[in-house]
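Lettering of chains follows the sequences in order, A, B, ..., and the numbering in each one begins at 1. The basis for the numbers below is simple: all heavy atoms, side chains too, and nothing from hydrogens, waters or symmetry mates.
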Number of protein chains: 2
Amino acid sequence: METRPKVTIDDVARTAGVAKSTVSRIINNAPGVKPVTRLKVNRVIEELGFTPNIVARSLKTKLRRQIALAIDDIRNPYYPELAWGAEQVAKQNNFRLVLINHYGNPSEELAVIKEASDMHVDGIVLLSISHPKTLSKIIKKANVPVTLIGNYEDDMPADTVGLRENEGYMAMDHLIRIGRRRIAYAGNMTVHRGARYAAYEQSLASHFMEFDSALVYTGERLAIDTGLEAARYFYNLNEIPDAVFAANDLVAIGVVQGLIDLGLRVPEDVAVVGIDNIPWCNLTRPKVSSVSNLVAEMGRIAVERLLLRIDDEARAFERITLEPRLIVRESTVKQR
Amino acid sequence: METRPKVTIDDVARTAGVAKSTVSRIINNAPGVKPVTRLKVNRVIEELGFTPNIVARSLKTKLRRQIALAIDDIRNPYYPELAWGAEQVAKQNNFRLVLINHYGNPSEELAVIKEASDMHVDGIVLLSISHPKTLSKIIKKANVPVTLIGNYEDDMPADTVGLRENEGYMAMDHLIRIGRRRIAYAGNMTVHRGARYAAYEQSLASHFMEFDSALVYTGERLAIDTGLEAARYFYNLNEIPDAVFAANDLVAIGVVQGLIDLGLRVPEDVAVVGIDNIPWCNLTRPKVSSVSNLVAEMGRIAVERLLLRIDDEARAFERITLEPRLIVRESTVKQR
DNA sequence: CTGTTAGCGCATTCAG
DNA sequence: CTGAATGCGCTAACAG
């Protein structure tokens, strides 16, 4: 760039014949400036194409109007949504978002917090994978506020916004509520520390429905082909299930596809529900019912909280827990 | 935060009993400091937990060590990869990435450039959707360098890194090279301004293969179900094609699934190739061959160029054009 | 209502 | 090799 000598507040003041404090007042919309002067100065600003140097301003005000979003890897399918939600709120408040991938590397993750004050950010939204104890220590040392995404104990010195981990129960509830009585499980036993599979067993139990191990299909990866295999497996049972609870949407998509290819009708013969509500749920025929974990929402709320705290550091830390949301589509309820 | 009074370079200088210029030299690894003093000061820095205030430094040096990545919407499936590639290089060079979504809103997109100098960034990687003429004008007015992602004319005052738009030809070439002679097309006629369909017709022509309109299946959306429909359509032809060129991976995935469900073997009976190389290509059985548009690579190169230019504004503008890369997987060539 | 003054925290001359 | 002084561009008292 031709390093066009950037015009400063002094230039404006000089050519307008006023003090730079007056210019400062004007560009900050401060009250107590005669309309005439304001007009005159504004004209000069326009002419010279002056825009305030935000770095200098930040040095003075300590406000950088930037927050960091630190996640492990933007390529993880949830994070674009998260980043998007976060950016929406940031933009509304005239803040920018700095993206930092820590790649699940604890030392790097902690470095992010440590360096934050030296970076151009006023706060951090952090999706951590570190041990809470360590995390807590580091956050205390930080000199910018941190909002954590996830569920934490009360003693964590940060605002947190997490998701209630009952997606599995919501999915099962849905199937039961639409009258299904022979519900199968497709996925693995370990997803989300086993919570989703546990939800399967416990939902059956709490509704006094019998558990039949023949209705559980576990595959290796939680991907489409596992779903396809599951469909074939269920099809060959003596008694075909009337519903399938899939551990995630990929599996659900596979199950739906597999069942249809085998000549069954979805949802009439078998209802299928997945979890995560990935965009793909809308791209299949029939569209797949799912439970949304509200990622964009989490991003939005996290930034909202962070901005509030930046504004007022003394507030009590908040614990926000979102409820997953059931998204009913064609794979469980016939629609037109 | 308890606004712990941040320790400054003065504090360090005072408690170490040296001038702050000496401290400055040390933290910047400048030569000409007696090892003893260096050691002593470093110890104090450690004790006090001093870290330089980057805002103040930026005010002085004019270097902010941040670049902006301006795209239309991070939720677009390509951008996470792009952002990832960009962030890799940025991080290596100790730069941060500021994420800006302009939502395909030209005025906002241009505002990004205008404001850039006021923001905490030293340059911008921009994926624009504005008219080149307008874009060119704005870039000239900007006071930070811009690197554009895309293909532009020589008069565009910015470095550019684009992709050669021959993905279609590469896909077709592959099918022809593995000996297929009855190649079908599945997708629509308009994707990428019709380039992909054009590649289908022209590849046939240049290889003296006959064009048969019965082998063209066009659906509405470029999604899985279109692929499934296409598979059914091809299956019902008098003579089934021995290969399918799908306009994108979603369609390809659908075609593969559909054909297999109809009892055909992929790739033995029908080879299928898609375009875009989305992560899902690896999640199906068989895995789907595709042509990668090297998104992460583009991000990497764009940032590399930008950093070079930030370093030396006088360099001639560069035009970089990447060649799409064919990724051969199981849907076209039997593997073990 | 407006001007003067004094830093924000650092890098960088220029003298010693 | 080190210290003292200056200013980056802006905001915020404090006076007028």
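Rounded to whole Å, atom C1' of C:dC1 lies 11 Å from atom CD1 of A:I26. Following rounding to the nearest Å, B:R64 (CZ) and D:dG9 (C1') show an atom-to-atom distance of 11 Å. Straight-line distance from the NZ atom of B:K40 to the P atom of D:dC1: 15 Å, rounded to whole Å. In this structure, the CZ atom of A:R14 is 13 Å from the P atom of C:dT4, given to the nearest Å. One can place CG of A:D10 at 11 Å from P of D:dT11, the figure rounded to the nearest angstrom. In this structure, CD1 of A:I45 is placed 10 Å from P of D:dC10, rounded to the nearest angstrom.
Ionic pairing of A:E304 and A:R300 is present here: one or more N-O contacts between side-chain nitrogen and carboxylate oxygen are shorter than 4.0 angstrom. The residues A:D122 and A:R65 are annotated as not salt-bridged, no charged nitrogen and carboxylate oxygen being separated by less than 4.0 angstrom.
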message: Assess the residue pair A:I310 and A:L63 against the criterion (side-chain contact (heavy atoms from CB on, under 4.5 Å)); give the C-alpha distance rounded to whole Å, side-chain angles, the decisive distance to 0.1 Å, and a yes or no.
response: CA-CA 9 Å; A:I310 289 172; A:L63 229 219; 4.0 Å; yes

- prompt: Would A:V18 and A:T37 count as a side-chain contact (heavy atoms from CB on, under 4.5 Å) if you check the C-alpha gap in whole Å, the side-chain angles of each, and the deciding distance to 0.1 Å?
  reply: CA-CA 9 Å; A:V18 298; A:T37 349; 4.1 Å; yes

- request: Any chance you could lay out the side-chain contact (heavy atoms from CB on, under 4.5 Å) test for B:L322 and B:R164, step after step, and finish with the verdict?
  value: CA-CA 6 Å; B:L322 268 48; B:R164 200 171 146 213; over 6 Å; no

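Using a 4.0 Å heavy-atom cutoff across all strands shown, B:T37 reaches sugar-phosphate atoms only and no base atom. Contacts of B:K20 with the nucleic acid, taken as non-hydrogen atoms under 4.0 Å apart, include base atoms. Across all strands, B:L63 comes closer than 4.0 Å to no nucleic acid atom at all (heavy-atom distances).
Of the side-chain N and O atoms in B:T8, none sit less than 4.0 angstrom from OP1 or OP2 of C:dG9.
End-to-end axis angle of the helix from C:dC1-D:dG16 to C:dG16-D:dC1, from C1' rotation axes over five pairs per end: 40° (rounded to 10 degrees).
Put simply, the side chain of B:S21 and the base of D:dA4 share a donor and an acceptor less than 3.5 Å apart.
Under a 3.5 Å cut-off, the side chain of A:N93 and the backbone N or O of A:V89 do form a donor-acceptor pair.
Side-chain contact between A:T160 and A:T147 is absent, with no heavy atoms from C-beta onward closer than 4.5 Å.
Ranked by how close their nearest DNA chain C nucleotide is to the 5' end, A:V33 and B:T22 are led by A:V33. Judged by closest nucleotide on DNA chain C, A:R25 is the one of A:R25 and A:K60 placed further toward the 5' end. Heavy-atom distances to DNA chain D give each of B:K62 and B:K34 a nearest nucleotide, and the one nearer the 5′ end belongs to B:K34. Mapping B:R38 and B:A56 onto DNA chain D by nearest heavy atom places B:R38 closer to the 5' end of the strand.
When each of C:dC10, C:dG3, D:dG9 is scored by its nearest atom to the side-chain atoms of A:A19, the top-ranked nucleotide is C:dG3. In this structure, of C:dG3, D:dC10, C:dC8, it is C:dC8 that holds the atom nearest to the side chain of A:L59. Among the nucleotides C:dG3, C:dA11, D:dT11, the one closest to the side chain of B:R57 is C:dA11. Residue A:N53 places its side chain closer to D:dG9 than to any other of C:dC1, C:dC8, D:dG9.
When the shell of 6.0 Å around CZ of B:R325 is examined, it contains 12 or fewer heavy atoms from other residues, nucleotides or ligands.
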